[in-house]
Q: 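Below is a structure I'd like to ask you about.
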Amino acid sequence: MEKNYDHLSTEDKLYASWEASGVMRANNTSKKEPFTIPLPPPNVTGHLHLGHAAMLAIEDIMIRFKKMTGHEVLWVPGTDHAAIATENVVLKHLKIQNREEMTRENFLKECRKFAGEKHDRIVHQIRKMGAHLDWSREAYTFDEARNHAVNTIFKRLYDDGLIVRGHRMINWSVGAQSVLSDDEVQWEDGETIFYEFWCGPFLIGTVRTETKCADSPVVVHPTAKYIRAQNAEGKECIVTEKYFKGHTKLKKDFKIIETVQGKKLVGMEFEAETYAGKRKFWVMADNIIDPDFGTGAMTISTAHDPHDFELAQAHGLDLIQKIDFKGRMTDIAGPCSGMLVKDARKKAGEILEEKNLLFEKRPYANRIPVCYRSGTVVEPMLSPQWFISVDKEFKDQFTGKKTTLKKLMQEAVRDKHVQIIPRQFEKVYFHWIDNLRDWCISRQIWWGHRIPVWYDEKGEIATVGETKDPKSSWTQDPDTLDTWFSSALWPFSTLGWPDENAEDYRKFYPTDVLETGHDILFFWVARMIMFGRYATGVYPFHTVYLHGLVTDEHGKKMSKSAGNGIDPLDVIEKYGADAARLSLVVGTSPGQPIPLGESKISGYRNFVNKLWNAGRFIQMQTVGTSRDLSLPEPKSLADRWIASRFTHVAKEVAKHLEKYEISLAGDKIYHFVWDEFCNWYIEESKKEKNPVFLKHIFGEILKLSHPLCPFITEKLWEELEFAPLCKGRCPKDRGVLEREFLVLQNFPTPTFKDKKAEEEFQKMQAETIRVRQAQADKQADKKEKARLEQAIFALEARLKNKGYTDKAPAHLVEQTKKELEEAKEKLKKM
RNA sequence: GGGCGCUUAGCUCAGCUGGCUAGAGCAUCUCGUUUACACCGAGGAGGUCGAGGGUUCGAGUCCCCCAGCGCCCACCA
């Protein structure tokens, strides 16, 4: 055995042997209790990042622990086709502006090719972490089986009236050329200009000057007090009293004519100049106006703002499209038509200024909605889309009762069918659901599950759901489904659903734990809960474990621009996968940020090496030892102490892992191995030898540590030839295996307890420490003595020097004398 | 604006339902070339647990309030 553990020559080989042996394959005919985790499928075109690494480490620990405690485990791997993200990357890759430049089929071919290539990369990277995944069951969110599941649930939802097509205000990503769900919109801080301009007698505030180009009502608050005033040139001005009185310029230039309530203004009509020419305006009142904000009046863009749209619906207003789906102004924008929104905004402002319509402008901090994938601006637009109605009642086929999808989601957590770790996120979950609106599921992109709806020649819906041979006159809906739609089926679509008799589905569904980053609680977890309960009648898992964001060692977000990013593959290369796993798992709390720096990783690398060297020592001790299969007896006090301590620690570790408290389990193992086993037991065992017992305990330690650091433990298991020792004592129901891997051993459940030995050994430890301290003190004394002697010598020499005593300032000489006396005094006392 | 969380040694964090003489890793200081390991061993220094108030025999742990930091949601014409 080498002096230092070499992870590079070990890990890939071991993983390959696990894979080749079939040890990671789950058996759906097993009588054992199942334990199932659906792997959150990484984006097929992505690469492994630290979030994945943390996820893989946590889930692998759960899986290995459960397997060692007698469960039939299944960890289903797979990848996600990541609709918008992939389509974006492919477009960039092909160096084309939009997909219309090629045929749909050709574009999809390119996507498939690209995804296929990238698939191999991510899947290879997942293996690097040591993940005990059943690769024979690998799935893909965009393969045929998953498409079948998608079509099936779509049809069922449609028949229940829960999927509807509606002409509603949606989030339009100009970059992705598609609608986005509410959750896919991100908000970025931005600097813009706030304009106040004249619209007839009214002052209107806006940052979106480009939309102020069409006939429109001016909305005022019905009960707020407005002031009508006039200036020297006869120009009229109507603003709230509050605004008027707070504005010195207005107060100076305008003379009040009267004060009226907002509703008295209703019905007023006038023509006014806009940046796009003269337009018709009229006044209406609505409580939507905040009388304390700005001038107390606004004009509305019925088709480009969610609130305005609502208002338009309520008041039966015309819907006027001012911006097209490419993000350019329509003809109605007059001088700005054809311009990009951003440019039109500036231009419209300039025109307002030229036409002397501008009253005031000032810098304004606002937040800009952007597409979470393409990073481009999101425009609220009006468009026909498919929605999932979350508040609509339907008859639940499993209970026969009326309910809504929202209720099913709420019940999941409220009635404790699903537990979220950490608890705080349950509140976040409820809050999200309470404010949940219908989920827009259609996307205008090509890479994704095509909406299974066919239209006849009249444009009426001909059929919905899986359609094997559509009539030639029919056309399929051109849109695809939100990528999260297929992800939401993942826990059961990977197990054979909709075939409820599929062996995997019967054995492994519902699954047990869904572990993922807290950032996709809404995108994914909530929707799995919704579809899972809706489609299968049971919730798809009983526990949701959320890990936090991996940050740099100071808790700062890792980013390219900050240059503080860490690539997990570099970490694995430099320190090994075990060290990477431990550093992502120990010293962390669920849901909390996971700070990671090199010093932490190298610390766990050191631990791994410590294990290695303990193993090396034990191998040296046990060379030529007979292979006694009987359980060795503890002999010495140290033997009994470590055995008793091991019983205690093994229990604690199991208890923690049972509760998914991985960090605490890791901490206990770390300190038991290093502080108790290595620093005390091994040292004591050198005095009173019992090599067979030493080796036995070490073997148990390897089992205990295996879920957390599978590579080093497996390697030592092999090096120390533990495997042959346990042949014949292992359960026989796992088929033919080349080797007895550690993961097939039973997790230690030792019973040996010797309280007296523990106490006695502790006394011995205390005594040893006292002696060491005394020795250290003695050494310290000796050193202090030497230091004093040297100081005395130097001080005396200085005082003997006539030049010094004669010429140096008297107080310095006094001080020297004093120092000498003190030093002599101190030395005398020693 | 609403919600959630965090604030404990120089740094990053444990401390679960109140009993702590407050722990760990890293960093730091002293000593150590003892045949598992310097990716090591032994010993040490370092904290009035963010500020203030309260409940209690007892509070890092519970309550109130304040401050700073972080995250999520809503997005005001």
Side-chain angles (χ1 to χ4, degrees), chain A residues 1-5 182-183 185 187 194-196 204-208 211-212 218-219 288-290 292-301 305-308 311 366-369 422-432 434-436 518-519 521-522 548-549 551-557 575-576 579 582-583 586-589 591-621 656 659 661 663-664 667 670-671 674-675 678-679 682-683 685-686 768-769 771-780 782-783:
Chain A
M1 284 171 79
E2 295 294 324
K3 195 165 167 186
N4 280 342
Y5 168 60
D182 294 343
D183 299 282
V185 179
W187 294 79
F194 188 85
Y195 295 85
E196 265 173 9
I204 304 294
T206 191
V207 294
R208 302 207 58 175
T211 64
K212 307 298 173 193
V218 171
V219 188
I288 198 170
I289 290 288
D290 175 359
D292 293 331
F293 181 88
T295 62
M298 68 174 189
T299 58
I300 64 179
S301 289
D305 180 278
H307 292 113
D308 292 7
L311 209 59
N366 71 342
R367 306 192 66 207
I368 301 150
R423 261 253 138 71
Q424 310 90 275
F425 279 93
E426 296 190 349
K427 279 184 198 163
V428 182
Y429 175 85
F430 284 126
H431 184 256
W432 179 78
D434 290 345
N435 295 296
L436 187 62
H518 69 72
D519 52 326
L521 177 61
F522 309 139
L549 182 75
T551 66
D552 77 3
E553 59 209 308
H554 298 291
K556 292 272 174 291
K557 229 179 201 164
Y575 297 103
L582 288 165
S583 56
V586 186
T588 70
S589 301
Q592 292 296 119
I594 304 171
L596 187 74
E598 289 243 2
S599 74
K600 188 173 180 187
I601 306 164
S602 71
Y604 288 109
R605 186 269 321 269
N606 295 353
F607 173 73
V608 167
N609 197 50
K610 188 79 183 170
L611 263 178
W612 174 258
N613 275 296
R616 212 154 66 90
F617 173 74
I618 289 156
Q619 197 197 38
M620 289 173 190
Q621 296 296 305
H656 287 312
K659 293 198 276 183
E661 295 167 346
S663 176
L664 295 175
D667 196 62
Y670 180 97
H671 288 288
W674 203 312
D675 300 345
C678 291
N679 288 356
I682 286 189
E683 290 312 312
S685 80
K686 288 173 184 171
T768 306
I769 289 167
V771 170
R772 284 173 186 164
Q773 281 171 336
Q775 274 170 355
D777 286 351
K778 228 181 189 173
Q779 278 175 333
K782 218 166 147 189
K783 222 179 160 194

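So you know, we letter chains A, B, ... as the sequences are listed, proteins then strands, and number each from 1.
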Q: Please round to the nearest 0.5 Å and tell me the distance separating atom CD1 of A:Ile601 and atom CG of A:Asn606.
A: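 The CD1 atom of A:Ile601 sits 12.0 Å away from the CG atom of A:Asn606.
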Q: Looking at the side chain of A:Lys427, which of B:rG5, B:rG43, B:rA36 is the nearest nucleotide?
A: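 Out of B:rG5, B:rG43, B:rA36, the nucleotide with an atom closest to A:Lys427's side chain is B:rG5.
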Q: Taking atom P in both B:rG2 and B:rA45, what distance in whole Å separates the two?
A: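 Those two atoms are separated by 49 Å.
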Q: With the side chain of A:His431 defined as its heavy atoms from C-beta on, choose the nearest nucleotide among B:rC73, B:rC13, B:rC75.
A: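 Nearest nucleotide to the side chain: B:rC73.
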Q: Could you work out which one of B:rC72, B:rA42, B:rC13 sits closest to the side chain of A:Asn679?
A: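 Selected nucleotide (nearest to the side chain): B:rA42.
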Q: Which nucleotide sits closest to the side chain of A:Tyr670: B:rA36, B:rG43, B:rG25?
A: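 Given the options B:rA36, B:rG43, B:rG25, the side chain of A:Tyr670 is closest to B:rG25.
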Q: Using every non-hydrogen atom in the two residues, find where A:Arg616 and A:Glu2 come nearest and quote the distance to one decimal.
A: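 Shortest heavy-atom separation between A:Arg616 and A:Glu2 comes out as CD-O, 3.0 Å.
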Q: Does A:Phe617 have A:Lys686 sitting over its ring (NZ/CZ under 6.0 Å from centre, angle to axis within 45°)?
A: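 Yes; both conditions hold, so A:Lys686 lies above the ring face of A:Phe617.
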Q: Relative to the 5' end of RNA chain B, which residue comes earlier, A:Lys557 or A:Phe617, by the nucleotide with the nearest heavy atom?
A: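 On the 5' side of the pair lies A:Phe617.
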Q: Using the C1' atom in both, what is the distance from B:rG50 to B:rG70, to the nearest Å?
A: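 Approximately 15 Å lies between the C1' atom of B:rG50 and that of B:rG70.
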Q: Side chain of A:Ser599: nearest nucleotide among B:rA36, B:rC76, B:rC26?
A: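 Looking only at side-chain atoms, A:Ser599 lies closest to B:rC26.
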Q: Both distances under 3.5 Å, Watson-Crick or G-U wobble: on that basis, could you give the dot-bracket string for RNA chain B, with [ ] for crossing pairs and | for other-strand partners?
A: (((((((..((((.....[...)))).(((((.......))))).....(.(((..]....))).))))))))....
Q: Does the A:Arg605 side chain pair with the main chain of A:Ala579, one donor and one acceptor, at a distance under 3.5 Å?
A: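 No; judged by distance alone, with no hydrogens or angles, the pair does not exist.
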Q: Rounded to whole angstrom, note down the P distance from B:rG5 over to B:rC65.
A: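 14 Å, rounded to whole Å.
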Q: With a 4.0 Å limit, can you tell me whether A:Arg605 has a side-chain N or O closer than that to the phosphate oxygens OP1/OP2 of B:rC39?
A: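 Result: no.
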Q: Mind checking the C1' distance from B:rG15 to B:rA51? Whole angstroms is fine.
A: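 Nearest-Å result for B:rG15 against B:rA51 at atom C1': 22 Å.
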Q: Any idea which of B:rA77, B:rG5, B:rC40 is nearest the A:Gln424 side chain?
A: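 So the nucleotide nearest the side chain must be B:rG5.
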Q: Quick check for you: among B:rC39, B:rC76, B:rC73, whose closest atom lies nearest to any side-chain atom of A:Asn4?
A: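 Of all the options, the side chain of A:Asn4 is nearest to B:rC39.
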Q: Taking the side chain of A:Trp674 as heavy atoms from C-beta outward, which of B:rG41, B:rA36, B:rC39 is closest to it?
A: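 The nucleotide sitting nearest to the side chain is B:rG41.
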Q: So how far is it from A:Ile594 CD1 to A:Thr551 OG1, rounded to the nearest 0.5 Å?
A: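 Between atom CD1 of A:Ile594 and atom OG1 of A:Thr551 there are 8.5 Å.
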Q: Within this structure, what is the CG-to-C1' distance between A:Asp290 and B:rA74, rounded to whole angstrom?
A: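 So the two atoms are 15 Å apart, to the nearest Å.
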Q: Looking only at heavy atoms, what is the nearest atom pair of A:His307 and A:Ile288, with distance?
A: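 Looking at all heavy atoms of both residues, the closest pair is CB-CD1, 3.8 Å.
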Q: Applying a 4.0 Å non-hydrogen cut-off, can you work out what A:Ser589 is touching in the nucleic acid: base, sugar-phosphate, or nothing?
A: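 Touches sugar-phosphate only.
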Q: Between B:rC66 and B:rU7, how far apart are the C1' atoms? Round to whole Å, please.
A: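 About 14 Å, rounded to a whole number of Å.
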Q: From B:rG25, B:rC76, B:rA77, pick the nucleotide closest to the side chain of A:Asp305?
A: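 Nearest listed nucleotide: B:rC76.
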Q: Taking the C1' atom of each, how far is B:rU12 from B:rC64, in whole Å?
A: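 The answer is 31 Å between these two C1' atoms.
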Q: Below 30° counts as parallel, above 60° as perpendicular, anything between as tilted: where do the rings of A:Trp612 and A:Tyr5 land?
A: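 A:Trp612 and A:Tyr5: tilted rings.
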Q: Please confirm whether any donor atom in the side chain of A:Lys610 sits under 3.5 Å from an acceptor in the base of B:rC37, or the reverse.
A: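 In this structure, the two groups form a donor-acceptor pair.
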Q: With no angle test and no hydrogens, is the base of B:rC37 tied to the side chain of A:Arg616 by a donor-acceptor pair under 3.5 Å?
A: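 A donor-acceptor contact between them is absent.
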Q: Would the A:Phe522 and A:Tyr429 ring centres measure less than 6.0 Å apart?
A: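 That pair fails the under 6.0 Å test.
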Q: Assign each of A:Glu683 and A:His554 to its nearest nucleotide of RNA chain B by heavy atoms, then name whichever residue's nucleotide is nearer the 5' end.
A: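 The residue whose closest nucleotide sits nearer the 5' end is A:His554.
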Q: Looking only at atom C1', what distance separates B:rU48 and B:rG44, rounded to whole Å?
A: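 These two C1' atoms come out 22 Å apart once rounded.
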Q: Of all the choices, B:rA74, B:rC73, B:rA36, which nucleotide is nearest to the side chain of A:Arg367 once you look at every atom?
A: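 So the side chain of A:Arg367 is nearest to B:rA74.
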Q: Taking all atoms of both residues into account, what is the closest heavy-atom pair of A:Pro369 and A:Val185, and its distance?
A: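 Distance-wise, the nearest heavy atoms are CB-CG1, 3.6 Å.
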Q: Which value, in whole Å, describes the distance between the C1' atoms of nucleotides B:rG47 and B:rG60?
A: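 After rounding to an integer number of Å, I get 11 Å for this pair.
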